[in-house]
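First the structure, in the form of structure tokens, and then the observations on it.
Just so we're on the same page: letters track the sequence lines, and every chain starts at 1.
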Amino acid sequence: MAVRTRFAPSPTGYLHIGGVRTALFNWLFARKHGGQFILRIDDTDAGRNVESALAPILHGLTWLGIDWDEGPDATGTPNGYFQSQRLEQYQKAVRKLLASGHAYRDYAKTEELQAEREAAEKAKETFVYSRTWMAETDADAARFEAEGRAKVVRLKMPREGKLVLQDHIRGQVEFEWANEQDHVIQRADGTCLYHLANVVDDFDFQISHVIRAEEHLSNTPRQVFILEALGYPRPEYAHLPFVAEPGSKNKLSKRKLDKYLKNKDFAQVNEHGRKIAEAMHLEVAAETFNPVIVDFYEQVGYLPDAIINYLVLLGWSLDDKTETFTRQEMIEHFSLERVNKAPASFDPKKLMSVQDRYMQQLPPKQKVAMVLPYLQRAGLATDPPPCTIGPVLMQIVTAAGDRIKTAGDILDYADFFTADDQLTYDEAAFDKRIRQAPEAKTLLSGFRDALKNVEPFTADVLEKTLHDFIAKEGIAANQIVHALRIAVTGKAVGFGLFDILAILGRERALARLEGALLH
RNA sequence: GGCCCUAUCGUCUAGCGGUUAGGACACCGGCCUUUCACGCCGGCAACACGGGUUCGAUUCCCGUUGGGGUCACCA
């Protein structure tokens with residue numbers, strides 16, 4: 001049997017990290033078995049802004065390299081893979097269910113139903129609808145309608161026996177039919193509900209394996225009832241544990257950002273990204289720009305491979321050792337049987353460390369290409385870029401080494417791209433290392449003079465120059481090194497001092513020293 | 001509350017009857033070093049509890065407790 005899996009997001013306007021994990025597992029499973037991965041849009045009641053609300057989702061999946069074999073195109077133009085376009089199929093299914101007696105017209109009023117519910121609760125019994133307003137014949141229906149009642153269509157669920165489900169992750173799970181309600185499948189206004197639509201779609205698209213979040217496990221009985229009543233084959237099921245909040249077992253939700261920001265690690269990763277976004281003058285609303293949303297990572301300059309690698313480990317593992325996987329390796333090794341049953345909490349710090357590993361592997365040339373747009377967006381480089389920028393960027397990226405953990409980190413070195421007389425200083429550091437350090441200014445000015453004759457102006461020679469200077473002055477390296485760094489970069493931290501000077505070149509280095517002496 | 005799922009270091013996890021319970025992230029020391037980052041070395045740290053089954057349970061079974069999900073004319 002051909003393997004066909006699906007991811008069925010509703011157009012919410014953003015791609016959530018938990019959703020990606022679900023999509024990823026579906027994608028992996030399909031790829032592993034040479035099957036198809038289908039993207040279907042659950043927009044049964046979304047309405048107007050579907051296209052714009054869908055764009056970030058399609059874009060996010062594409063960015064992450066989760067490609068779909070069937071579904072909307074990249075622009076999200078509605079086609080057959082939108083529930084809103086398939087209403088006729090759902091109506092047909094309802095008619096069939098009605099005809100076979102698996103569903104009935106119900107004329108109960110909300111208050112009447114509510115009363116029954118409350119009575120059951122009072123008596124501490126499980127609520128079971130009395131079916132008082134059930135119309136199984138046209139005569140009944142006519143009578144209720146004469147009373148001015150509105151109708152919905154309900155499932156006529158079995159009231160005895162049980163459903164035995166084989167789940168690829170949970171194993172055997174059983175449900176008593178008696179605990180199931182006569183769920184509504186068609187509203188009074190004639191539109192259909194999710195579970196019905198879902199089952200019809202899964203059948204029409206020939207989905208072989210339903211791989212979805214655990215929250216749907218309890219919904220499965222009604223879906224199985226519907227599909228069996230319709231004569232459809234039962235797909236295979238795999239209910240994934242959900243992705244939980246950092247440091248807790250609650251389901252991750254984009255609505256509880258305030259709470260996550262109290263988590264130190266989450267706050268730190270968030271802050272890092274926010275700083276970069278601000279440097280690029282990005283307008284970011286906290287609700288859509290934070291580590292729960294995929295877009296955050298793209299904006300900040302993470303690598304899609306790193307995110308995918310982190311995510312595949314969230315609920316799945318190969319063994320006790322392997323942590324790094326190429327896509328091919330993931331596809332080759334993935335199996336539902338090795339998916340964990342318990343929820344896994346999202347750990348942004350660990351994601352960061354995976355990102356760090358991937359970044360370290362990246363050749364400098366690629367880092368340069370990755371980093372350039374960030375300078376442009378921050379207004380530090382023109383577009384198209386000046387042809388001189390390539391070599392400079394290569395020098396910076398090489399000198400910065402592992403310090404550039406995301407592409408946006410290039411902005412830590414923005415001072416290379418600002419005019420020498422526009423340099424801003426970390427004032428606290430400037431105070432400590434220059435204003436209040438004895439002799440600092442004298443030493444800086446002495447070293448400035450020494451720089452005038454350095455030839456060639458390279459890191460090696462500069463290092464030797466400094467050592468000679470230190471020896472001549474009879475001082476410790478500490479007395480000048482920190483002052484020098486602040487004088488030429490404005491900052492107390494950064495990569496190798498001699499690399500900095502060499503990249504700046506003699507003229508700019510001298511200008512900056514001059515500037516610092518006057519500051 | 002009913003039903004369902006679930007339970008190994010703070011976090012992600014390995015383990016599928018006998019292990020000094022392993023790895024990774026984080027954390028804490030130390031080394032390297034002009035700062036920061038990287039790297040290296042070392043350290044702290046877990047089988048929720050109670051019954052069974054068994055020669056022997058982290059592992060199998062049953063309870064308890066904890067956590068979560070679900071019970072809509074939402075998806």
Quiz item: Considering only the C1' atoms, how many Å lie between B/G18 and B/G2, rounded to the nearest integer?
Solution: 42 Å

Quiz item: In whole Å, what separates the C1' atom of B/U34 from that of B/C12?
Solution: 37 Å

Quiz item: Would you call the rings of A/Trp316 and A/Phe334 parallel, tilted or perpendicular, where under 30° means parallel and over 60° means perpendicular?
Solution: tilted

Practice problem: Report which part of the nucleic acid A/Gln360 touches: base, sugar-phosphate, or nothing (heavy-atom distance under 4.0 Å, all strands). | Solution: sugar-phosphate

Quiz prompt | Residue matched to B/U59 through Watson-Crick or wobble contacts both under 3.5 angstrom | solution = none

Practice problem: Between B/G15, B/A75, B/C4, spot the one nearest the side chain of A/His216, thanks. | Solution: B/A75

Exercise. Write down the partner of B/C9 under the Watson-Crick or G-U wobble criteria, each distance required to be under 3.5 Å.
Key: none

Quiz item: Considering Watson-Crick and G-U wobble pairs with both distances under 3.5 Å, what does B/A14 pair with?
Solution: none

Quiz item: Which value, in whole Å, describes the distance between the C1' atoms of nucleotides B/U64 and B/G29?
Solution: 42 Å

Quiz item: Are OP1 or OP2 of B/C12 and a side-chain N or O of A/Ser345 less than 4.0 angstrom apart?
Solution: yes

Quiz item: Is A/Lys350 side chain donor-acceptor paired with the B/A24 base, going by distance under 3.5 Å alone?
Solution: yes

Quiz item: Choosing from B/C5, B/U70, B/C74, which nucleotide comes nearest the side chain of A/Glu215?
Solution: B/U70

Exercise. Could you please name the partner base of B/G39, counting Watson-Crick and G-U wobble pairs only when both distances are under 3.5 Å?
Key: B/C31

Practice problem: Tell me what A/Asn219 touches on the nucleic acid: a base, only sugar-phosphate, or nothing, going by heavy atoms under 4.0 Å. | Solution: base

Exercise. Pick base, sugar-phosphate or nothing for A/Val184, based on heavy-atom distances below 4.0 Å to the nucleic acid.
Key: sugar-phosphate

Quiz item: If only side-chain N and O atoms of A/Arg212 are considered, is one of them under 4.0 Å from the OP1 or OP2 phosphate oxygen of B/A75?
Solution: no

Quiz item: How would you label the contact of A/Ala344 with the nucleic acid (heavy atoms, under 4.0 Å): base, sugar-phosphate, or nothing?
Solution: sugar-phosphate

Quiz prompt | Phosphate OP1/OP2 of B/C12: any A/Lys249 side-chain N/O under 4.0 Å | solution = yes

Quiz item: With rounding to whole Å, what would you report as the distance between B/A24 and B/C44 at their P atoms?
Solution: 15 Å

Practice problem: Using a heavy-atom cut-off of under 4.0 Å over every strand shown, decide if A/Ile185 touches base, sugar-phosphate, or nothing. | Solution: nothing

Self-check item: Residue pair A/Lys341 / A/Pro241: nearest heavy atoms and the distance that separates them
Solution: O-CB, 3.5 Å

Quiz prompt | Value in whole Å for how far the P atom of B/C5 lies from CG of A/Asn340 | solution = 17 Å

Quiz item: Mind checking whether A/Asn290 and A/Tyr260 have side chains closer than 4.5 Å, heavy atoms only?
Solution: no

Quiz item: So does A/Lys249 have more than 12 non-hydrogen atoms from other groups sitting under 6.0 Å from NZ?
Solution: yes

Quiz item: Under the 6.0 Å and 45° cation-pi test, does A/Arg6 pair with A/Phe205?
Solution: no

Self-check item: Closest to side chain of A/Leu217, choosing from B/C25, B/A75, B/C5
Solution: B/C5

Practice problem: Flag the pair A/Arg86 and A/Asp204 as a salt bridge only when some basic side-chain nitrogen lies within less than 4.0 angstrom of an acidic carboxylate oxygen. | Solution: yes

Quiz item: Is B/C3 paired to anything, Watson-Crick or G-U wobble with both distances less than 3.5 Å, and if yes, which nucleotide?
Solution: B/G69

Quiz item: Among B/G23, B/G68, B/C4, which nucleotide sits nearest the side chain of A/Glu323?
Solution: B/G23

Quiz prompt | A/Arg117 side chain near B/A72 phosphate (N/O to OP1/OP2, under 4.0 Å) | solution = yes

Self-check item: Separation between the C1' atoms of B/U8 and B/A57, rounded to whole Å
Solution: 14 Å

Quiz item: Starting at CD1 of A/Ile169 and ending at C1' of B/C5, how long is that distance when rounded to a whole Å?
Solution: 12 Å

Practice problem: Would you indicate which nucleotide in B/C73, B/G68, B/C3 comes nearest to any side-chain atom of A/Glu214? | Solution: B/G68

Quiz item: Does any donor atom in the side chain of A/His239 or A/Arg212 lie under 3.5 Å from an acceptor atom in the other side chain?
Solution: yes

Exercise. Identify whether any heavy atom of A/His239 sits under 4.0 Å from a base atom; if not, whether one sits that close to sugar-phosphate; answer base, sugar-phosphate or nothing.
Key: nothing

Quiz item: How do A/Lys151 and A/Tyr310 order along RNA chain B: which one's closest nucleotide is nearer the 5' end?
Solution: A/Tyr310

Quiz item: Under the criterion salt bridge (charged side-chain N to carboxylate O under 4.0 Å, His left out), which of A/Arg105, A/Arg131, A/Arg222 is the partner of A/Asp182?
Solution: A/Arg131

Self-check item: Phosphate contact (B/G10 OP1 or OP2) by A/Asn263 side-chain N/O below 4.0 Å
Solution: no

Exercise. Take atom P in B/C40 and the same atom in B/A26, then report the distance between them in whole Å.
Key: 12 Å

Self-check item: Distance, rounded to the nearest Å, where A/Lys341 contributes NZ and B/C16 contributes C1'
Solution: 11 Å

Practice problem: Starting from P on B/G69, measure out to CG on A/Asn179 and report it in whole angstrom. | Solution: 20 Å

Quiz item: Nearest-Å distance, CD (A/Gln172) to P (B/C5)?
Solution: 10 Å

Exercise. Send over the distance from A/Leu240 CG to B/G68 P, rounded to a whole Å.
Key: 20 Å

Quiz item: Any Lys/Arg nitrogen of A/Asp468 or A/Lys464 sitting under 4.0 Å from an Asp/Glu carboxylate oxygen of the other?
Solution: yes

Practice problem: Give none if B/U64 has no partner; otherwise give the nucleotide forming a Watson-Crick or G-U wobble pair with it, both distances under 3.5 Å. | Solution: B/A48

Exercise. Describe the nucleic acid contact of A/Glu174 in one word from base, sugar-phosphate, nothing, applying a heavy-atom distance below 4.0 Å.
Key: sugar-phosphate

Self-check item: 5′-ward residue of the pair A/Ser248/A/Thr126 relative to RNA chain B
Solution: A/Thr126

Quiz prompt | A/Trp177 CH2 to B/C71 P, straight-line distance once rounded to whole Å | solution = 16 Å

Quiz prompt | Base B/A72 paired with A/His183 side chain (donor-acceptor, <3.5 Å) | solution = no

Quiz item: What residues form a salt bridge (charged side-chain N to carboxylate O under 4.0 Å, His left out) with A/Glu174, not counting sequence neighbours?
Solution: A/Lys162

Quiz item: B/G51 and B/U65: how far apart are their C1' atoms, nearest whole angstrom?
Solution: 14 Å

Self-check item: Distance between P atoms of B/C60 and B/C16 (Å, rounded)
Solution: 11 Å

Quiz item: Counting only N and O atoms by type, is there a donor-acceptor contact under 3.5 Å from the side chain of A/Tyr374 to the main-chain atoms of A/Gly301?
Solution: yes

Got a list of protein N/O to nucleotides 34-37 of chain B N/O distances below 3.5 Å?
residue, atom, partner, partner atom, Å
B/U34, O2, A/Arg485, NH2, 3.1
B/U35, O2, A/Gly494, N, 2.9
B/U35, O2, A/Gly494, O, 3.2
B/U35, N3, A/Arg485, NH2, 2.9
B/U35, N3, A/Gly494, O, 2.5
B/C36, O2, A/Arg403, NH1, 2.6
B/C36, O2, A/Gly494, O, 3.4
B/C36, N3, A/Arg403, NH1, 2.1
B/A37, O2', A/Lys405, NZ, 3.2

Self-check item: Spacing between A/Phe242 atom CZ and B/C12 atom C1', to the nearest angstrom
Solution: 16 Å

Quiz item: NA contact type, A/Asp265, heavy-atom cut-off 4.0 Å: base, sugar-phosphate, or nothing?
Solution: nothing

